[in-house]
Amino acid sequence: MNEMTVTREEREAKLEGMGCKRKRVEDIRFTQGKGNYVDDVKLAGMLHGDFVRSPHPHARIKSIDKDKALKVPGVLAVLTAEDLKGVNLAWMPTLAGDVQMVLADGKVLFQNQEVAFVVATDRYAADDGINAVEVEYEALPVLIDPFHSMDPDAPVLREDIKDKKDGAHGPRKHPNHIFEWTVGDKDLTDAAFRKAEVTIKELISYHRTHPSPLETCQCVCSFDKVKGELTIWGTFQAPHVIRTVVALIAKIPEHKIHIISPDIGGGFGNKVGAYPGYICSAVASIVTGKPVKWVEDRIENLTSTSFARDYHMTTEIAATKEGKVTGLRVHVLADHGAFDACADPSKWPAGFFNIVTGSYDFPTAHLAVDGVYTNKAPGGVAYRCSFRVTEAAYCIERGMNILAQKLGMDPVELRLKNFIRPEQFPYHSALGWEYDSGDYHTAMQKMMETVDYAGLRREQAEKRDAFRRGETREIMGLGVSFFTEIVGAGPSKNCDILGIAMFDSCEIRLHPTGAGIARMGTKSQGQGHETTWAQIIATELGIPADDIMVEEGNTDTAPYGLGTYGSRSTPVAGAAIAMAARKVKAKAQMIAAYMLEVHEDDLEWDIDGFRVKGLPEKFKSMKDLCWAAYNAPPPGMEPGLEAVSYYDPPNMTYPFGAYLCVMDIDVDTGVYKVRRFYALDDCGTRINPMIIEGQVHGGLTEAFAIAMGQEIRYDNDGNVVTGSFMDFFMPTAVETPHWETDFTVTPSPHHPIGAKGVGESPNVGGVPAFSNAVNDAFSFLGSTHIQMPHDFWRNWQAAKNLGVIA
Ligand code: PCD
Ligand SMILES: [Cu+]
């Protein structure tokens with residue numbers, strides 16, 4: 001038989017299945033400039049829309065005069081909130097149960113808020129039109145500091161709900177209060193603190209930042225009046241959700257809405273939410289009968305679409321003298337900006353922040369989160385954050401270091417002492433999660449051995465002595481972080497978006513010659529799904545990955561799914577892919593049994609086909625079975641070979657990792673050098689090790705950016721002072737450190753292929769590693785906690801505050 005002349009290894013290798021460092025198939029077009037992005041969509045007669053934006057962070061709108069703008073050559077329409085009211089679209093629902101202005105209705109609440117939408121024949125005309133719109137504002141007092149948002153005399157921001165006593169998540173304490181969310185056992189935790197031998201308390205702030213993908217948010221809307229159909233090409237991470245939301249709010253039947261996410265130039269959570277640009281373009285297309293394109297510029301992206309973080313976490317840990325943790329108490333003040341447009345699953349006002357107990361066995365914990373309004377842009381969940389997990393990991397990883405310092409213990413030793421032990425999995429955390437699997441000690445041990453942790457600590461001790469003797473002005477920091485992520489939203493029992501359950505899907509159709517197409521409800525924005533999804537199918541079905549075309553992002557053809565964010569694609573859609581493949585395989589097995597004239601149970605799977613147990617020469621390859629499925633199926637069986645799976649995961653997955661950053665800081669200038677960065681990730685079964693490495697490199701670079709300088713900062717008057725790449729730190733290859741990656745493999749017990757997500761992990765674990773390195777460097781000078789971002793200026797400032805420079 002032909003198959004027998006090649007070795008099993010060769011047959012296996014030819015598939016390029018799971019575990020293979022398969023080259024990214026999408027990069028063939030990306031590296032040749034042949035990607036097809038939203039801005040590449042150019043339709044006949046297409047118009048361009050752009051926004052008049054508010055220079056004021058808080059002001060009443062006294063009047064909007066569009067007359068002059070409408071006289072500008074090329075300008076066809078100017079939309080304001082008054083126009084949108086006619087179609088009931090002046091406000092839109094947010095994913096967090098709040099409502100948000102599409103165009104400023106009576107007042108503006110943050111700088112650069114959308115006030116009017118100008119539609120013109122080209123972008124230049126639209127811009128001239130914008131300059132000609134006359135808006136009269138009456139400035140109002142500005143609220144920027146979240147710690148003052150609930151002051152008795154604070155300006156009331158949301159007049160639309162000022163008398164509403166109840167919000168989407170329970171009672172409100174103040175007109176600027178959004179929600180209070182509490183989890184855990186308060187009495188037990190308070191008791192643990194009363195009994196504690198050692199406690200720490202620190203305000204740990206995670207500043208506001210922004211995902212700023214290379215490609216900004218954009219769309220092209222085209223309404224066909226004759227058919228009554230609306231087609232939208234957009235930078236959507238979740239195309240099906242957009243379709244359902246458009247159907248619900250625009251009252252267009254869902255089958256007459258076509259959402260297409262073409263190639264996307266990075267998403268990072270920025271492209272999950274719904275923005276005024278989408279609604280205004282759709283309305284403009286309906287009004288003008290022409291396609292309308294809207295493309296955000298960089299400043300608009302940084303200042304008005306989904307920000308990230310802005311969590312202020314008062315963190316307390318109780319412990320014994322020996323360093324065993326006995327309780328955790330955290331209060332978070334969450335700054336949501338002008339509207340609560342957080343993209344968490346709807347039931348979770350603070351996302352999965354209750355993963356804040358981290359990798360440690362806390363017998364009890366209590367968490368309270370207060371969300372408040374300020375005069376800042378809305379958003380909240382984006383930037384490799386998987387629903388506030390980055391904030392939680394930063395909180396506990398800084399907290400553990402602060403505790404170690406107080407106990408005079410090494411931060412690694414403290415962690416080893418408190419880790420959840422392998423035999424405790426599945427582990428029930430004090431704040432309500434069930435961790436699926438983990439082996440933290442092994443991962444930490446591997447990190448320590450690889451980097452020679454003990455040797456690094458000795459070197460640090462010598463350097464500190466030399467510093468004290470005045471022989472050097474450089475201090476050395478070792479930043480340890482050990483994170484546990486929670487990804488794969490999610491089980492419909494606890495996750496939905498506006499009532500839409502968070503399953504995901506895959507449809508596989510094999511063609512007669514043994515090639516096929518697979519479609520999912522997810523949407524790659526650069527992650528490489530076209531490569532990795534085919535690898536899962538290759539291993540499951542014995543068809544070379546090269547013979548499988550992966551298609552995502554078209555709601556007309558893809559099965560319904562919730563999209564790509566929160567590292568959910570591998571845990572949820574990845575499972576659906578395996579399940580759909582197994583359905584296909586079950587049918588193929590029946591066909592093989594018929595062709596080989598044996599009972600199905602007498603067959604065994606062998607790399608790329610079925611063989612009769614004990615009779616190795618009796619074999620049918622998957623390729624043979626594809627042909628037979630269409631052209632010679634067993635009597636009574638319907639032809640064809642395809643299947644679809646909608647997968648509702650039983651639990652989330654809990655990837656983890658051990659990171660170490662070695663940093664040197666010159667105290668006189670604040671200039672830091674990242675000497676070494678080691679990242680060990682455990683994401684269970686690894687589909688493509690090269691893609692994982694790329695994901696980790698990208699995520700660490702973002703973590704470096706955030707920890708070491710990137711910030712969306714407002715001055716006291718409400719001006720965004722970091723609204724362009726002139727001021728917003730965007731590391732290039734020059735600043736970016738070298739990354740060392742490593743791994744352990746602890747499969748997820750409930751996932752069909754044992755895989756956990758990985759895309760977000762490096763940001764979750766990376767930020768605390770950098771921040772702990774800086775803090776560790778300064779700790780021997782008497783400092784406990786220095787605020788991020790740790791740019792040169794702040795490091796220099798820290799040295800000054802500690803009295804080491806005059
Ligand atoms: N075990 C394992 C896992 C995983 N993987 C791979 O890796 C990746 C990833 O994955 P994941 O983790 O599952 O995730 P996804 O879902 O897919 O994605 C998402 C993520 O992803 C990341 N990464 C990235 N990359 C790129 N390039 N771009 C972008 O944009 C991005 N973004 C970011 C973010 S931010 Mo959010 O949205 O915030 O929530 S979330 C996120 C893909 O490809 C996959 O397949 C493998 O291989 N294996
Ligand atoms: Cu996220």
Side-chain angles (χ1 to χ4, degrees), residues 17-22 24-27 30 209-215 235-238 263-273 306-309 342-345 351-352 379-390 485-489 504 520-536 550 552 561-575 577 652-653 655 681-703 743 745-748 751 753-764:
M18 288 195 281
C20 170
K21 294 185 182 175
R22 182 176 188 230
R24 294 176 28 124
V25 291
E26 43 273 268
D27 288 355
F30 293 158
T209 180
H210 195 282
S212 56
L214 195 56
E215 177 202 40
T235 48
F236 307 130
Q237 292 182 232
D263 286 330
I264 296 183
F268 306 108
N270 191 206
K271 295 166 178 172
V272 175
S306 190
F307 75 92
R309 326 292 192 247
C342 224
D344 298 308
F352 304 153
V381 173
Y383 211 177
R384 275 189 145 111
C385 71
S386 85
F387 314 129
R388 304 295 188 184
V389 181
T390 42
E485 251 263 73
I486 167 171
V487 296
D504 224 290
M520 298 82 194
T522 48
K523 174 63 205 165
S524 184
Q525 312 121 42
Q527 291 87 344
H529 292 174
E530 286 167 53
T531 307
T532 50
W533 294 164
Q535 290 182 259
I536 300 177
V550 169
E552 295 179 319
L562 274 278
T564 292
Y565 42 86
S567 268
R568 65 183 299 279
S569 304
T570 301
V572 193
I577 296 166
M652 313 268 185
T653 67
D681 273 278
D682 192 319
C683 55
T685 306
R686 293 148 55 86
I687 304 163
N688 184 326
M690 184 197 66
I691 287 200
I692 292 174
E693 202 181 21
Q695 287 291 310
V696 174
H697 285 190
L700 289 177
T701 306
E702 291 182 331
F743 65 96
V745 176
T746 312
S748 165
H751 188 284
I753 59 169
K756 303 181 179 184
V758 77
E760 298 190 325
S761 301
N763 199 331
V764 173

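Just follow the structure's listing: the first ligand is 1, and inside any ligand the first atom is 1. Everything numeric here is computed off the predicted structure, so don't read it as measured data.
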Proximity flag C385 to ligand 1, non-hydrogen atoms under 4.0 Å: yes
For R309, give me all partners under salt bridge (Lys or Arg N to Asp or Glu O under 4.0 Å), at least two apart in sequence or on another chain. none
Side chains of E485 and V758: does their closest heavy-atom pair fall under 4.5 Å? no
What atoms of ligand 1 come within less than 4.0 Å of a heavy atom belonging to G266? 30 (O)
Please identify which of these residues, R22, R24, Q535, meets the side chain to side chain donor-acceptor pair (under 3.5 Å) condition with N688. Q535
Could you check which of K756, H751, R384 puts a non-hydrogen atom nearest to atom 3 (C) of ligand 1? K756
Any atoms of ligand 1 less than 4.0 Å from a non-hydrogen atom of Y383? List them with their elements. 38 (O)
How long is the gap from CD1 on I692 to CG on D681, to the nearest 0.5 Å? 8.5 Å
Taking only residues two or more places apart in sequence or in another chain, which ones pass side-chain contact (heavy atoms from CB on, under 4.5 Å) with D682? F656, T744, T746
Any idea which part of Q695 is under 4.0 Å from ligand 1, heavy-atom wise: side chain, backbone, both or neither? side chain
Hey, is ligand 1 close enough to G267 that some N/O pair sits below 3.5 Å? yes
Rounded to the nearest 0.5 Å, what's the gap from CG on L214 to CD on Q525? Could you check? 13.5 Å
Of the choices T570, I264, I536, N763, which has the non-hydrogen atom that lies closest to atom 4 (C) of ligand 1? T570
